[in-house]
Amino acid sequence: MAKVDLRSFLDGLGSDLLRLQESVSPRHEVAAVLKQTQNSGRAVLFEQVAGFPGVRIVGNLLSSRGLAARALGTDEAHLIETYVAKSVQGIAPVAAREVPVQEVVHRQPADVAALLPLMTHHEKDAAPFLTCGMVLARDPLSGMRGMGIHRMMFKGGRRFGILLANPPLTQYLANAEKQGKPLDIAVALGVDPAMFLASVVKTGPLGPDKMDIAGSLRGAPVELTRALTVDVEVPARAEVIIEGHVLPGVREAEGPFGENTGAYFTNNSPVIEVTAVTHRKDYIFPALCPWTTEIDTLLSLAGGAELLGQLKALVRGVVDLELVPGTCSFAAVIAVKDCPPHEVRRLIHLALTLDRRLKVLTVVDDDVDIRDPREVSWAMSTRFQPVRDTVILGGMEGYIIDPSAGGGGSGSKIGFDATRGAGDAFDKIAIPAAAVARAKAVLDAAHK
Ligand SMILES: Cc1cc2nc3c(=O)[nH]c(=O)nc-3n(C[C@H](O)[C@H](O)[C@H](O)COP(=O)(O)O)c2cc1C
């Protein structure tokens with residue numbers, strides 16, 4: 001069986017992997033490099049990490065659609081359809097024959113920061129944070145597996161704070177706490193990017209198992225093994241595993257942390273006590289810098305592609321959807337074809353209620369390029385009448401990390417119908433196709 005893991009992905013990148021030989025510090029410097037290279041279309045491998053001889057850090061793994069396509073074994077043109085097709089298939093995990101992630105074992109470590117290059121990202125972050133830990137746990141009631149990305153703040157020694165704001169892990173912790181018990185968890189770091197993506201796919205309370213989705217996204221079953229100190233199965237080919245339990249009934253300050261919203265967020269969050277750290281001998285540590293193109297890619301696949309599928313099934317005329325980059329998927333643009341105004345209104349209500357994160361939605365006709373802010377602003381300026389074409393929904397669930405929602409509770413949402421409605425008067429000006437083709441030929445010749 002082909003070995004699929006972070007290393008096999010990196011091996012296949014060739015010139016799409018930028019290798020940096022200069023030593024960089026996990027404190028701010030790694031994040032600064034990732035931010036400056038986020039639009040390069042390349043992943044970055046830091047070959048020298050200050051204070052951690054022999055350890056490498058890798059980041060920007062999904063910073064472009066091209067890299068995401070590679071992770072799913074396709075090309076950019078087929079990325080969305082491949083993702084949608086694979087995410088509903090499922091390949092079940094298998095028992096691992098070899099377990100590289102347990103080559104080195106530290107039980108009850110005195111100081112996790114001495115073992116791993118925990119990174120500090122932004123200026124006012126309260127401490128180093130793990131931003132790309134794939135957190136795994138089992139529901140103490142049903143035994144179901146759950147996994148998701150959850151930020152973790154290093155609190156010294158072997159304690160971390162963990163932001164548990166989303167199901168299923170919030171529910172698993174509530175179930176454990178009702179029994180007065182800790183929740184066993186394992187945090188996988190340095191998995192292949194398809195598995196990482198699977199961990200944030202929306203699945204709903206009854207599954208399917210995200211390990212099955214991981215299997216089909218990467219085209220090979222995930223090899224699992226038992227963690228050493230907790231009752232959780234972990235990917236045997238990860239680079240690092242942190243094992244531990246979430247302490248029942250404990251909540252402590254966690255943050256401030258520069259979030260994927262581009263703003264700092266502080267919370268009163270549960271606390272993890274680490275029971276073991278295991279890793280490969282020469283492990284590669286993963287980095288994910290908040291509020292970068294990598295976040296946009298993750299959200300556009302794990303959130304946007306799914307929402308588009310749902311809306312296409314519910315409203316005739318839905319053509320395409322773009323989550324606006326840099327907005328943590330709070331803002332989106334949808335293109336429609338031949339959709340009458342009452343249908344656009346229904347679409348706006350459906351989209352804003354189906355997606356918990358989505359807050360600002362603009363609907364345009366399909367002659368508008370939804371990935372070009374100039375075109376979307378043009379539609380808003382010429383086809384949109386504020387009194388006639390705005391939908392505001394109050395009393396909605398607010399997203400906890402949205403700084404304008406005041407830390408959770410209720411929020412409001414807004415939709416703009418920037419379609420032309422009916423009538424030729426709203427046609428966009430255009431140059432005849434033959435002249436456009438001629439211009440292209442002339443310019444291509446000039447560039448030769
Ligand atoms: C980059 C990224 C970071 C995330 N960080 C957190 C986090 O710190 N805490 C949390 O509860 N959920 C976080 N999530 C969401 C969960 O992983 C969530 O379970 C997953 O996205 C499933 O979708 P849902 O939000 O609809 O439940 C994050 C998602 C992404 C894409």
Side-chain angles (χ1 to χ4, degrees), residues 34 38 59-63 68 83 87 121 125 129-137 139 144-154 160-174 183 185 187-189 191 193-211 213-214 246 251 254-270 272 286-307 310 323 325-330 353-359 397-402 407-408:
L34 295 178
Q38 63 175 314
N60 284 355
L61 284 172
L62 290 170
S63 57
Y83 168 79
S87 63
H121 301 82
D125 285 359
F129 270 77
L130 288 172
T131 54
C132 50
M134 202 179 85
V135 184
L136 298 145
D139 182 0
M144 267 178 73
R145 187 202 332 268
M147 64 198 223
I149 307 174
H150 294 267
R151 76 183 205 191
M152 288 171 51
M153 172 180 165
F154 182 58
F160 284 87
I162 180 167
L163 179 62
L164 285 177
N166 281 297
L169 298 193
T170 39
Q171 192 55 48
Y172 296 1
L173 178 61
L183 177 71
I185 58 141
V187 184
L189 292 150
V191 297
M195 193 192 315
F196 188 64
L197 173 61
S199 73
V200 289
V201 171
K202 294 180 184 183
T203 52
L206 297 176
D209 188 333
K210 287 183 184 177
M211 279 298 177
I213 300 177
V246 187
R251 299 291 182 276
E254 177 254 324
F257 173 69
E259 260 293 353
N260 296 321
T261 56
Y264 291 97
F265 175 64
T266 304
N267 197 49
N268 207 21
S269 294
I272 293 173
L288 173 62
C289 186
W291 202 38
T292 55
T293 51
E294 180 155 20
I295 305 298
D296 297 336
T297 313
L298 277 167
L299 293 173
S300 76
L301 289 172
E306 176 176 318
L307 182 61
Q310 288 175 310
L323 297 177
T327 68
C328 196
S329 81
F330 295 169
T353 44
L354 279 171
D355 192 304
R356 286 196 299 140
R357 275 187 284 242
L358 185 57
K359 189 172 81 172
E397 184 181 1
Y399 211 69
I400 184 171
I401 58 171
D402 174 357

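In this text the structure is predicted, and so the values were computed from the model without any measurement. By convention here, the first residue in the shown sequence is residue 1. Counting convention: from 1, in listed order, for ligands and their atoms alike.
- For atom 27 (O) of ligand 1, the closest heavy atom belonging to the protein is P167 O, 3.6 Å.
- Looking at ligand 1, you won't find any N or O of G148 less than 3.5 Å from one of its N or O atoms.
- Residues C289 and I295 approach most closely at O-CG1, 4.0 Å, considering heavy atoms.
- At distances below 3.5 Å, not a single donor-acceptor pair connects side-chain atoms of K359 with backbone N or O atoms of F330.
- The side chain to side chain contact (heavy atoms under 4.5 Å, CB included) test applied to D125 returns T120, H121, H122, F257, Y264, not counting sequence neighbours.
- Panel note: side chain T131, backbone L288; a donor-acceptor pair is recorded below 3.5 Å.
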Task: Trace of the side chain to side chain contact (heavy atoms under 4.5 Å, CB included) decision for Y172 with I185 - done: CA-CA 10 Å; Y172 296 1; I185 58 141; over 6 Å; no

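- For the atom pair NE2 (H150) and CD1 (I272), the distance works out to 10.0 Å, reported to the nearest 0.5 Å.
- Polar contact check, L299 against ligand 1: no nitrogen or oxygen pair lies under 3.5 Å apart.
- Protein heavy atom in closest approach to atom 10 (C) of ligand 1: H150 ND1, 3.1 Å.
- Under 4.0 angstrom from ligand 1, there are no non-hydrogen atoms of T203.
- Shown in contact with I295 at under 4.0 Å from a heavy atom are these atoms of ligand 1, numbered in order with element: 1 (C).
- Ligand 1 is approached by R356 to a heavy-atom distance shorter than 4.0 Å.
- In this structure T293 satisfies the side chain to side chain contact (heavy atoms under 4.5 Å, CB included) test together with Q38, N39, S63, D296, sequence neighbours excluded.
- A side-chain donor-acceptor contact under 3.5 Å links W291 to the backbone of G326.
- Nearest protein neighbour of atom 25 (O) of ligand 1, counting heavy atoms only, is N166 OD1, 3.3 Å.
- Nearest protein heavy-atom contact of atom 8 (O) of ligand 1 is R151 N, 2.7 Å.
- With respect to atom 2 (C) of ligand 1, the closest heavy atom belonging to the protein is N260 ND2, 3.9 Å.
- Atom 4 (C) of ligand 1 has its closest protein heavy atom at I149 O, 3.6 Å.
- The proximity of F129 to ligand 1, defined as any non-hydrogen pair under 4.0 Å, does not occur for either the backbone or the side chain.
- The distance from the CG atom of L173 to the CG atom of L169 is 9.0 Å, given to the nearest 0.5 Å.
- Close contacts of ligand 1 with A165, meaning ligand atoms under 4.0 Å from a residue heavy atom, involve 10 (C), 11 (O).
- Of the possible polar contacts, none joining the N267 side chain to the E254 backbone as a donor-acceptor pair under 3.5 Å is found.
- At the top of the distance list for atom 21 (O) of ligand 1, counting protein heavy atoms only, stands V200 O, 3.5 Å.
- Of all the heavy atoms of L164, the ones lying under 4.0 Å from any atom of ligand 1 belong exclusively to the backbone.
- Proximity to Y399 (heavy-atom distance under 4.0 Å) selects the following atoms of ligand 1: 25 (O).
- Among all non-hydrogen protein atoms, the one lying nearest atom 23 (O) of ligand 1 is K202 CG, 3.5 Å.
- Heavy atoms of F265 come nearer than 4.0 angstrom to ligand 1 in no pair at all.
- Nearest approach of M211 to M134, heavy atoms of both residues: CE-CE, 4.2 Å.
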